[in-house]
Amino acid sequence: MDGNVTLPALQQMKRDGRKIVGVVVYDYQMAQIVDRAGVDIVSVGDSVGVNLWGHNNEREVTLDQMVLVCQAVRRGVTRALVSCDIPFGPLQEGMDAAVRAAIRLVQEGGADLVKVDAGSSSADAVLAITRAGIPVWSQFGTEPAAPIADDLVREAKQLEAAGASLLDFRYSGPVAGPEVVRAVKIPVIGGLGGGPWLDGRVRAVFAAIGYLAAAVDDTTERYANVAKTALTAIEAFGDDVRAARQIRGAGPVPQRS
């Protein structure tokens, strides 16, 4: 879309039937690239702990770390909306902690809205955070063996009523997905378990472009394989060093008298 992205603009895209594009990003350089590519939402995910830092679980990521990552992404984005995950810890400490975390991610991190992961108290968290004046992207439907469509529609309506601006329907399926989209006025976006029946899709850039060590050897169809390209490039760099050749991209060697 033209111009800076806003939440009302995303809601208009839903009404117009235009799909919303979201990506998960963790750093300044990639944030600049995806913003230039014209995505609508840049999501700063707590999956940074697993994909970038090598943790076994997102729950190891702290609020201080999420603020730092969000700041880096914010510096690289000028037109898209920036969303930042509230990490696991504050959401388990009660509504006051969740609100304080959301305020930090907006005021210190520079996020335009915050993302609340699915949970039994997520509607309460959405309500508390929106009452503090902070927009919320609320996740639900996170289990592959999801409940029946009526239950998912009911949950989506509860989150919308609590004040959510967007929904992240992770495992929607072709039956429940369209029903939820029709049942709520706010955009419904999904990841790997979503499909074209949703208002939009979100994908981790690392996975989409193959910037994963595992991508060097796998045969998954991706939009690129940056890992394989990087491996080839570093091998070529090593060959040049060992052969005492000029390093590519380093510029001319200064002449000393």
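For clarity, every value in this text was computed on a predicted model and none was experimentally measured.
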Under the side chain to side chain contact (heavy atoms under 4.5 Å, CB included) criterion, do S138 and D168 qualify, and how do the steps go? CA-CA 6 Å; S138 186; D168 176 8; over 6 Å; no
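- Distance check, rounded to the nearest 0.5 Å: CZ of F140 to CD of Q158 gives 10.5 Å.
- No more than 12 heavy atoms of other residues, nucleotides or ligands shown are found within 6.0 angstrom of CZ on R242.
- In plain terms, the two heavy atoms of R248 and A236 that are nearest each other are NH2-CB, 3.5 Å.
- In terms of hydrophobic clustering, with Ile, Leu, Val, Met, Phe, Trp and Tyr side chains grouped at heavy-atom distances under 4.5 Å, V216 and F206 are assigned to different clusters.
- With hydrogens and angles ignored, the 3.5 Å screen pairs a side-chain donor or acceptor of D27 with a backbone N or O of Q29.
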Evaluate D64 against R104 for salt bridge (Lys or Arg N to Asp or Glu O under 4.0 Å), listing each step before the verdict. CA-CA 9 Å; D64 286 344; R104 282 197 63 192; 2.8 Å; yes
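- When each of K14, R182, R15 is tested with D199 by the rule salt bridge (Lys or Arg N to Asp or Glu O under 4.0 Å), just one qualifies, namely K14.
- Contact between R222 and A208 at its shortest, heavy atoms only, is CB-O, 3.5 Å.
- P178 and G173 get closest at one heavy-atom pair: CD-O, 3.8 Å.
- For P87 against V61, the heavy-atom pair with the smallest separation is CB-O, 3.6 Å.
- Here I129 contributes atom CD1 and R131 contributes atom CZ; the two are 12.5 Å apart, rounded to the nearest 0.5 Å.
- Grouping the Ile, Leu, Val, Met, Phe, Trp and Tyr side chains by contacts below 4.5 angstrom, directly or via other members, places I103 apart from L68.
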Is there a side chain to side chain contact (heavy atoms under 4.5 Å, CB included) between V44 and V25? Walk through the geometry before answering. CA-CA 6 Å; V44 184; V25 172; over 6 Å; no
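- Side chains of I41 and V202 form no contact here, defined as non-hydrogen atoms less than 4.5 Å apart.
- Considering CG of D40 and CE of M13, their distance stands at 4.0 Å, rounded to 0.5 Å.
- Checked by atom type and distance alone, the side chain of D16 never pairs as donor or acceptor with a backbone atom of R18 at under 3.5 Å.
- Put simply, CD1 on I189 and CG on L167 are 9.0 Å apart, with the number rounded to the nearest 0.5 Å.
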Before you tell me yes or no, could you show the steps for V116 and L91 under side chain to side chain contact (heavy atoms under 4.5 Å, CB included), namely the whole-Å CA-CA distance, both residues' side-chain angles and the distance that decides it to 0.1 Å? CA-CA 8 Å; V116 175; L91 292 174; 4.2 Å; yes
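- In this structure, N56 contributes its side chain and V50 its backbone to no donor-acceptor pair below 3.5 Å.
- In the model, D35 has a side-chain atom that pairs as donor or acceptor with a side-chain atom of T78 under 3.5 Å.
- V136 has its side chain out of reach of L113: every pair of non-hydrogen atoms, C-beta onward, lies at least 4.5 Å apart.
- Smallest separation of non-hydrogen atoms from F169 and G141: CE2-CA, 4.0 Å.
- The backbone N or O of A31 lies less than 3.5 Å from no partner atom in the side chain of R36, so there is not a single donor-acceptor pair.
- Both L63 and L52 belong to a common hydrophobic cluster when Ile, Leu, Val, Met, Phe, Trp and Tyr are linked at side-chain heavy-atom distances under 4.5 angstrom.
- Hydrophobic clustering, with ILVMFWY side chains joined whenever heavy atoms are under 4.5 angstrom apart, keeps L231 apart from L212.
- The backbone N or O of G210 lies less than 3.5 Å from no partner atom in the side chain of K228, so there is not a single donor-acceptor pair.
- A salt bridge links R74 with D112: the closest approach of a Lys/Arg side-chain nitrogen to an acidic carboxylate oxygen falls below 4.0 angstrom.
- A 6.0 Å sphere centred on NZ of K19 holds more than 12 heavy atoms belonging to other residues, nucleotides or ligands.
- With rounding to the nearest 0.5 angstrom, the SG atom of C70 is 6.0 Å from the CG atom of L105.
- The closest donor-acceptor contact from the side chain of Q65 to the backbone of T62 lies under 3.5 Å.
- Within the 3.5 Å criterion, the main-chain N or O of I247 finds no donor-acceptor partner in the side chain of D240.
- Panel note: side chain R59, backbone F88; no donor-acceptor pair is recorded below 3.5 Å.
- At distances below 3.5 Å, not a single donor-acceptor pair connects side-chain atoms of D46 with backbone N or O atoms of D85.
- With a 6.0 Å cutoff to the six-membered ring centre and a 45° limit on the axis angle, R75 does not count as a cation-pi contact of Y28.
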What do the steps show when you test V34 against V23 for side chain to side chain contact (heavy atoms under 4.5 Å, CB included), and what is the final call? CA-CA 8 Å; V34 300; V23 291; 3.9 Å; yes
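- Both W53 and M66 are members of a single hydrophobic cluster when ILVMFWY side chains are connected at heavy-atom separations under 4.5 Å.
- Put simply, the side chain of T130 gets close to the backbone of L127: a donor and an acceptor are under 3.5 Å apart.
- Closest approach of P187 to Q11, counting heavy atoms only: CD-CG, 3.8 Å.
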Decide yes or no on side-chain hydrogen bond (donor to acceptor under 3.5 Å, both in side chains) for S165 and W137, but give the supporting numbers first. CA-CA 6 Å; S165 297; W137 184 6; over 6 Å; no
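- Within the model, atoms CG of D239 and CD1 of I234 stand 11.0 Å from one another, a figure rounded to the nearest 0.5 Å.
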